[in-house]
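Each chain gets a letter, A, B and so on, in the order the sequences are listed, and its residues count up from 1. All of these numbers come straight from a predicted model, not from anything done at the bench.
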Number of protein chains: 2
Amino acid sequence: MVISAGVKGHASEERLVITPTMEDVAARAGVSRALVSLVMRGSPKVSTRRREAVLHAAEELGYAPHAAARSLASRNSRILGVLVSDLHNPFFAEIIDGIDATAHAEGFELVINTGGRSPARERAAVTNLLSFRPAGVLLLGPAVPASVISDAAARLPVVLVARGSRLASVDTVQDHGKVGSALAVDRLVELGHGRIAHFDGGRAAQSAARRTGYRTAMRGHGLEPDVIPSEYTEVAGEKAAAELLARGDHLPTAVLAANDVNAIGAISTFGRAGLRVPEDISVVGYDNTSLAAFRHIGLTTVDQPRAEMGRLATEALLQRVRGERTTPVRHLLRPSLVERTTTGTAS
Amino acid sequence: MVISAGVKGHASEERLVITPTMEDVAARAGVSRALVSLVMRGSPKVSTRRREAVLHAAEELGYAPHAAARSLASRNSRILGVLVSDLHNPFFAEIIDGIDATAHAEGFELVINTGGRSPARERAAVTNLLSFRPAGVLLLGPAVPASVISDAAARLPVVLVARGSRLASVDTVQDHGKVGSALAVDRLVELGHGRIAHFDGGRAAQSAARRTGYRTAMRGHGLEPDVIPSEYTEVAGEKAAAELLARGDHLPTAVLAANDVNAIGAISTFGRAGLRVPEDISVVGYDNTSLAAFRHIGLTTVDQPRAEMGRLATEALLQRVRGERTTPVRHLLRPSLVERTTTGTAS
DNA sequence: ATACAGGATTGGAGCGCTCTAACTGGTAGA
DNA sequence: TCTACCAGTTAGAGCGCTCCAATCCTGTAT
């Protein structure tokens, strides 16, 4: 049986501490640990004299609060978990950019995990994320079954980006693909185009919405839709363009591509075939990736406000975290058309 | 004075616990908390019967260990801190991709922080990162003063990516800019080029190495270096190309641009001036961003293996974390030339 | 001088976990 | 029968912090 314990000691010894604790700062400033805690949390009920003494001591020791200890003791965390289905995809990178800015402005840190496009790995990633007991999580384009999402949502606030949900406990942020396509079609019609083809994105995310929007808009103008199955890649864009060219005469005068990369593929095929863009054929992309902005390319495209999506998702999450809202929010972002040099009046 | 404390109680009550703790699992499995801890850490010294009982109880309760409590108690963490000077830049996004893969394979999680190109914000970000008491930190292209780096390195393993250091306590991972430039020059000379200009990257990172490599290689071939000050942007590339054109006759037959984006700017200016690439002038980029690979662009460029850099950086960091090495490592990655369609024989 | 208010400060318990040392109940050797 | 041993298990302290309640001031009113 230990008789005399209690001599904490290490704080009073003036040896160099590798990673100082609150106790060390308190000893150096000649105050209690609790007071240091108050100062570190910016409490107003500390006298100026003590506050300065504490800050000075902390500075000298190079002290920074231990986040894990802090969140353990306070039973809440300043961490937001982020699951990205694919970090490689710049689309998500730019959304994270928006999340990052908003979260940091509100004093939250990000713990980022990737799913690598595999539902099994994503599931593990979610469990991992939850082990940090974050204040909430943001799932970017997750491929996990809905049950994983509802389980998580039962424990903490969850926001889905680029994926829908019917759960009342989760918020969602997506772009309005139908509107985006319609925007492009409307403008092309305005420019005098009547034969407008659409290269679609196959079974990939958002593809159906864009296709439907295209069809509806065409019919609204009394025009016949002309969908050519394609994919979200450059090669698929080249292939779809080649199919179009193989028709011979009566070519469309404009193409709404599946996305930017697909549009660029189409443009190179048209170019090799001797067609000038936009004089002979107009091309519109989708996403407004940084790619589209290069003068060398100058792609007219539908802008999907990715950073904005990140911001909205984070704000929605923080509202739940703070308990300001319990009803679900469904953000459907309004896309906009960015006109550059690949569109012109119909020939 | 409290006489009878000790009745923790909450574990034995069978009510639904929102976020179960080890205590809850122990109560349900009919064992001690310590045993649950052993099971969760995969200790071999637990009987099969108990192990299964514990895992079963954990499964039923949906229990996952609390990472913060775990790292607080064990005094070490499974977190790696990552500071990105600019998440917006795809160059870093791809490096993070490599870091992410390696770290997760080794069971580490990433806490990512951005500096937003401002040394002051980066400094704050480093402090923030350290508050998580990560096992180590990776600084990607940091702009902070060297003192911040050495302070951090005094506390934990630090690896610098895309920045050099003389500190024995930090490892560095960079690409060998001199070699990359030389590679491009050598190949151009092989193609018969004699007048090769270089648009440089000004004061930005890696710029000096690339410039020096260019100069040395040129002199090695008995050729006169011709450096035109520029920057890592498309606009700067356009401007440098215009300067070149303004010289009138005796134009170079090839240009080694500062980077890919700079090269694309140069190509558009050349194109507008009626020069064909590569028939009239060859252009080589640097970085091999995804941009360069587009067939529409087909840029010949020097490849910098970004994912590989992320992997090497993470491995170096983990070696230090595990105490396997204390001597510094300086990775100088060997770049390679990727030939596409913007280079040809000298006219 | 005495009481009191209210701001400033502090002790101590406890967050969920790990880790050491100690304990348990067999089993085997003397 | 006694001791030794060992795999399996557990109690208890403590990681660095927050938060509550209790205590200590200091100035002002009485």
Counting just side-chain N and O atoms, does [X] come under 4.0 Å of either OP1 or OP2 of [N]?
X       : N      : value
A:Ser37 : D:dC17 : no
A:Ser47 : C:dT9  : yes
B:Arg75 : D:dC15 : no
B:Arg50 : D:dT9  : yes
B:Ser32 : D:dT10 : yes

Answer yes or no: is there a donor N or O on one side and an acceptor on the other, between the side chain of B:Arg322 and the main chain of B:Glu324, under 3.5 Å? no
Quick one: does B:Ser77's side chain have a donor or acceptor within less than 3.5 Å of a partner on B:Ala135's backbone?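 Such a contact is found between B:Ser77 side chain and B:Ala135 backbone.
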Closest listed nucleotide, where the reference is the side chain of B:Ala73 and the choices are D:dT10, D:dG14, D:dT18: D:dG14
Please tell me whether [X] and [Y] have a donor and an acceptor in their side chains that are separated by less than 3.5 angstrom.
X        : Y        : result
A:Ser37  : A:Arg41  : yes
B:His104 : A:Asn128 : no
A:Arg330 : A:Thr172 : yes

Nearest-Å distance, [atom1] ([X]) to [atom2] ([N])?
X        : N      : atom1 : atom2 : value
B:Leu35  : D:dA11 : CG    : C1'   : 13 Å
B:Arg41  : C:dG16 : CZ    : C1'   : 13 Å
A:Lys45  : C:dT9  : NZ    : C1'   : 11 Å
A:Asn76  : C:dG16 : CG    : C1'   : 15 Å
A:Met22  : C:dG12 : CE    : P     : 18 Å
A:Glu23  : D:dC17 : CD    : C1'   : 10 Å
A:Phe132 : C:dG16 : CZ    : C1'   : 15 Å
B:Arg51  : D:dG8  : CZ    : P     : 9 Å

N/O donor-acceptor pair, side chain B:Arg33 with base C:dT18, under 3.5 angstrom: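 It does, because a donor-acceptor pair links the side chain of B:Arg33 to the base of C:dT18 below 3.5 Å.
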Considering heavy-atom distances to DNA chain D, does B:Val31 or B:Ala69 have its closest nucleotide positioned more toward the 5' end?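 So the residue in question is B:Val31.
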Taking for A:Ala34 and for A:Pro44 the nucleotide of DNA chain C with the nearest heavy atom, the one nearer the 5' end belongs to A:Pro44
